[in-house]
Structures are given as C-alpha cells and as structure tokens.
Amino acid sequence: MTAIASVSVIIMNPPNNQPLDLQAVSALMDGQLRDADAAAAMGLMSSSQARECWQLYHLVGDVLRSADLAACGHDPGLATRVVARIQQEARPVVAVAPAAAPARDVTRPAANDGVFRWRMVAGLASFAAVAAIGWGLLGGMGPRPDGAAQLAQGAAGPRGTVQALASVTPPQPAADPDDIHLVQGAGAIVRDARLDELLRAHRQISAPPALGGFVLNATFEGAGR
Amino acid sequence: MFRRTTLPASACQRRGGARWWGRDLCRAALLWCVGGLLTLAGAQNVGQFGGGGVPAGPPQRSVTEWLARLQQASRVPSYVGTFVVSSASGALSSSRIWHVCEGDVQLERVDTLTGTPRSTVRRNDTVMTFLPDARVVTLDQRQQGAVFPNLLSPAAGQPVADFYDVRELGRGRVAGCDADIVQLLPRDAWRFGYRIWSENRTGLVLKTQTLDAQGRVLEQAAFSELQLDAPVQAEQLRQMMASTQGYRLVQAEQARTTPQAEGWQLSAVVPGFEARNCYRRPLSGTASLVQCIFSDGLATVSLFMQPLEAAQHPREGAASMGATQALTRRVADRSGHWWITAVGEVPSATLQAFVQGLARIP
C-alpha cells in the first residue's frame with residue numbers, strides 16, 4: 001500500500017524544474033518502445049529520479065504478482081554490480097591470476113535464497129535476455145551462460161537440482177515431435193499470483209498422510225519453497 | 001556424557017516420563033552411559049546409509065505396512081512441536097504445530113513462523129485458514145481421504161506397493177526422539193524416493209526427505225522440537241474454528257467433476273498413478289479452472305486446465321522448487337486454446353508425460 005501511495009504522489013506532484021515522463025519509464029519497462037523512443041527513454045534513465053521510479057514500478061509489479069516478493073528489500077547496488085560484471089566479462093581473458101578467493105559480500109541476500117530468486121526473475125522479466133537467471137530452468141536450455149552462472153554465486157543448490165532433474169530419464173522416453181517442441185519451448189515460468197494460486201491449490205492436497213499430510217501441506221502452502 | 005545434561009530437558013520427553021528419574025541415581029547414571037554408547041553406535045550405523053549402508057536383516061515391515069503405520073500415527077493423542085521445511089533451492093519455512101486426537105476426531109493447528117502470518121486449523125476434513133493481515137479466513141472442505149486411500153482399511157487397493165521398495169536403515173534421533181529410519185525407493189524413474197524418520201513408539205513422522213534418482217535430497221521437512229502427549233486443549237481449537245468475527249469468510253466454491261465431463265481425456269497414464277479427484281471452480285469472468293489430481297499413494301500430480309488468455313499465459317515453461325515441479329503448456333482444439341499447468345512432487349519428465357497424454361475429446 002505504501003508503494004502504491006508513493007507512486008501516486010510522484011505522479012501528482014512532479015518536481016517543477018524536472019518534469020519526468022513517467023509514461024516513458026512505464027513504456028520502457030513494458031518493452032513497448034522501439035528505436036528512437038527507446039533510446040530517448042534510456043536517456044531519461046540516467047537521472048536518479050527516473051531510476052527511483054523504475055524501482056518503485058517494479059516493486060508495485062512484484063507486490064501485485066505475489067505477496068512474498070514484497071518482503072524482499074530493495075538492493076540499490078544490484079544494477080551497478082550487474083553492469084560492472086558485464087563489463088568485466090566483455091573483456092577477453094588473457095590469463096587468470098590464481099588470486100585469493102574474493103571476499104564474500106554477506107550484506108546482500110544469497111543468490112540461491114528462494115524468495116530472492118523469485119524477485120530476480122520477476123524484477124528482471126522486462127530484460128528478456130536475462131531470463132536465464134533465477135530458478136530452475138528445465139530441459140533444452142543447454143548450458144547456462146557463464147554470466148548467469150556467475151551472477152548466481154554459490155547457487156550450487158538450484159543448479160544441482162536442475163542438473164539432477166535433467167538427467168532423470170523416463171523408462172520410455174517419448175519420441176513424439178510434440179516432446180521436442182515442448183522442450184524447445186521450455187523456459188522459466190515467471191511467478192505471479194495465478195501460478196501461486198495453482199501451487200497453493202496443489203499443496204492443499206499434495207502430501208499424503210503417511211508423509212506428514214496436513215502439517216506438511218499447511219507449512220508449505222504459500223511458502224516460497 | 002553430554003546426554004546426562006540433555007536428557008532431563010529432552011524435547012521428546014513425555015509427560016510423566018521423568019518419573020524413573022527419582023530412582024537409584026547410580027543405576028540411572030550407568031544406564032545413561034550405556035544408552036549414550038548405544039546411541040553413538042546407532043548413529044554411526046545410520047551415518048553409513050548414504051553409501052549403501054547395512055540394513056539389519058530383511059525388512060520387518062512391507063511398504064504398505066509401513067505406510068499404514070505412518071498414517072495410523074496421525075492419531076497419536078496429542079503433541080506440540082516446531083516443524084521446519086527446507087528445499088534444495090535454499091528456501092526455508094517453519095511452523096508451530098498443535099495436534100490433538102479424540103476418538104475419530106483429529107484437531108490440528110499450524111501457525112506459520114516464516115513469511116506471511118497464517119493460522120491453519122483442521123478438524124478432520126474441514127480446514128480453515130486465517131490470514132490475519134488480510135482479515136480473511138478461507139474454508140475448505142475437500143476430502144483428503146478421497147485423494148489418498150485409507151491405508152488402514154484392508155479393502156483399499158494398494159498400488160503403492162508395486163512401485164516402491166522399502167529398506168529399513170536402522171535407528172536415528174530427531175527432535176530428541178528415537179526414530180526408525182525407513183527408505184522408500186521408486187522402482188522406476190517416474191517418481192522420487194523418500195527417507196522417513198518415524199518415532200519408534202508411535203510411528204509419528206518426525207522427518208522426511210525427498211530424494212532424486214541420484215539420492216540427492218531435494219527437500220526435507222522435520223520437527224526441530226517436539227513434545228509428545230503435551231497438554232493441548234481440543235476445546236480451544238474448536239473455539240478457534242468458531243470465532244471468525246472480524247474476518248471475511250471465503251468459502252472455496254468448487255464442485256466435483258470428471259475430466260470427461262470437462263471435455264478432457266488422458267490417453268496415456270503414467271504407471272502407478274490413478275485419477276483421484278477432479279474439481280471445477282470459477283475463475284474471474286466466465287472462465288473456470290479444472291483441477292484433476294493423480295496419485296500413486298505417495299507422490300501427487302495436479303493438472304490444471306483453463307481457457308488460454310494470451311496476455312496472462314505468454315509462453316510455455318517449466319520450473320523447479322525443491323521437490324515440486326511445474327510445467328505449463330498450450331493445447332488447441334476446435335473450441336479454442338487451452339492452458340495447462342501441471343504441478344507435482346515428481347520428476348519433470350513425469351509432468352511432461354502427463355501433459356502429453358492429455359488431449360481434448362474430439
């Protein structure tokens with residue numbers, strides 16, 4: 001509610017000296033701008049006010065998608081770190097110095113934390129190219145780009161899971177062309193309120209009494225497993 | 001020696017269980033030492049199970065006998081405990097549990113300790129979920145028993161026995177309670193395996209692990225603290241279900257249906273899975289959602305079918321959350337396009353087989 005209220009404040013009272021084109025920010029987020037319009041909007045994004053607005057809009061989107069996402073704090077340094085990492089990786093690597101292990105930044109949330117990964121997927125959904133980060137991608141995705149793997153620092157858990165799943169071979173592998181289509185079309189599902197609702201409907205009944213039944217279901221239900 | 005200090009405060013201690021404490025202290029001290037050594041030895045034994053451990057002789061109970069024992073244990077008179085769930089993706093959630101069983105009536109309360117506050121209260125098949133932030137209480141009266149056969153009834157079909165092997169792995173200790181460890185391993189790649197810690201007196205499930213084909217833990221759930229026979233007032237739980245003042249009551253509107261009645265047919269069924277139940281409930285607008293539930297007695301798969309809304313269902317995909325997998329797919333027929341979501345605690349290949357076997361009745 002706070003986020004939505006603040007948005008309306010910005011819209012109602014743009015600073016007099018620097019009126020910000022909120023429509024352009026919103027359209028850029030939704031991927032509706034092309035060519036010159038997109039370039040102009042990207043120009044806008046150099047102002048801190050526009051970036052604040054961008055963050056706020058994404059927060060609103062997150063809250064509307066799933067209540068769990070609202071609980072995540074905003075990490076102002078994320079964009080800077082992503083840009084720095086991309087620049088670093090763009091350079092050809094001549095020799096890798098056997099440097100000491102980089103110091104861990106324990107102040108930011110772990111990349112393999114369940115809720116954090118949700119947020120990564122939801123928040124970056126507008127950057128279609130970054131969709132490979134986040135929670136398990138199954139089947140047909142091939143090896144993950146190095147960038148994605150490094151962004152998910154220490155994400156041995158999820159990656160291990162994905163590999164394990166990909167290697168399970170059913171007894172009768174389907175040679176159906178539909179199968180190929182499905183695997184090729186497979187990507188990450190962005191978590192939203194609708195998927196949450198289906199997960200909840202499933203979890204209400206999913207655990208048999210022999211495995212803890214109701215207690216297990218009620219603990220899982222709504223939790224970002 | 002540390003056992004001497006932990007024993008009196010043991011979380012698994014039953015009321016009145018410390019009576020022998022007052023007896024001859026020397027004898028008791030000797031018992032603790034011997035007990036400690038035995039437990040250590042047991043723990044070492046148990047520690048080997050990951051690498052093809054040494055089960056003590058042939059299984060004492062079959063798969064169905066084990067499942068019946070675990071299900072029977074949900075009728076223990078009472079307990080209070082803290083329950084923790086952790087998945088391979090790193091997500092961790094926990095809850096506080098109150099349980100009481102009087103005759104055929106089971107009452108339970110589960111309060112989440114992580115994430116959005118939520119209290120879920122159950123009286124047999126009636127489940128009420130209180131969401132204090134939203135001031136909403138939901139009421140669900142779906143028949144859990146209709147999804148999972150009553151293993152305690154000898155007449156019930158037991159497909160589960162044909163698809164899992166049982167292996168007893170010795171003894172362990174969870175939440176201060178001594179437990180029998182049993183492993184249920186799938187005989188094919190369509191399902192996951194389970195390792196279960198069962199309280200050795202009552203059979204109560206203290207801990208479960210869901211395992212993939214390589215034996216890696218995808219998800220685990222356990223009591224971190226448990227008091228068996230704790231004083232739980234059934235009356236208080238009953239009153240909680242009756243006091244919905246200040247809350248908006250939302251009753252799940254759903255009707256029993258069949259896949260055929262909804263225009264769906266499942267041409268190929270994954271071995272061992274049986275159709276258990278099918279519900280239809282309204283969505284926003286004129287559309288409705290159909291949920292069909294399949295189970296092999298341990299693993300559960302839900303298939304959700306709804307009309308495709310291009311804006312809301314942009315592309316097919318798959319997701320993995322601990323042991324839970326999800327898969328989405330479009331299906332087209334003469335009447336239009338449909339959106340399928342499969343969710344289950346099974347390998348992703350199993351969900352793919354389910355959605356590929358699903359088609360509109362021509």
Side-chain angles (χ1 to χ4, degrees), chain A residues 67-68 71 110 112-115 117 135-139 157-158 160-162 164-171 173-174 176 178-179 182-183 185-192 194-195 198-199 201-216 218-225, chain B residues 67 70-71 74 83 85 87-91 93 95 97 108 110 112 114-116 118 120 122 140 142 144 147-148 151 188-190 194 205 208 212-214 216 218 221 291 293 297-298 300 302 304 312 315-322 324 326 328-329 341 343 345 347-349 352-353 356:
Chain A
D68 284 353
N112 61 345
D113 180 274
V115 178
R117 288 182 304 112
W135 54 314
L137 310 188
L138 300 177
T161 312
V162 171
L165 290 169
S167 63
V168 169
T169 315
D176 186 341
D178 278 357
D179 182 33
L182 176 72
V183 169
I189 308 173
V190 174
R191 185 182 185 182
D192 60 17
R194 285 176 297 274
L195 181 60
L198 301 189
L199 288 172
H202 171 73
R203 284 173 190 162
Q204 278 170 2
I205 47 85
S206 63
L211 290 181
F214 168 74
V215 165
L216 199 61
T219 306
F220 279 155
E221 195 191 322
R225 281 212 235 186
Chain B
L67 293 179
L70 300 176
Q71 187 171 332
S74 62
F83 195 67
V85 178
S87 77
S89 67
S93 43
S95 62
I97 320 272
E108 256 162 0
V110 179
T112 58
T114 48
T116 314
R118 194 178 59 240
T120 311
R122 172 176 83 98
D140 192 349
R142 276 196 287 186
Q144 179 101 18
V147 176
F148 299 102
L151 296 166
D188 57 32
W190 293 114
Y194 303 90
V205 178
T208 60
D212 69 8
Q214 282 72 43
R216 279 176 292 212
L218 296 176
Q291 178 184 13
I293 301 155
L298 277 172
T300 311
S302 288
F304 296 95
Q312 293 183 2
R315 59 186 184 132
E316 297 178 340
S320 163
M321 295 144 283
T324 305
T328 55
R329 196 186 189 195
T341 308
V343 181
E345 286 74 35
S348 192
Q352 284 186 24
Q356 273 158 20

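Letters A, B, ... mirror the listed sequences (proteins, then strands); counts begin at 1. Note that the coordinates shown come from a computational prediction; the quantities given were computed from them, not determined experimentally.
Shortest non-hydrogen contact noted between Leu199(A) and Met321(B) is CD1-SD, 3.9 Å. Contact between Gln291(B) and Ala201(A) at its shortest, heavy atoms only, is NE2-O, 3.5 Å. Of all heavy-atom pairs between Thr300(B) and His202(A), the closest is O-CE1, 3.5 Å.
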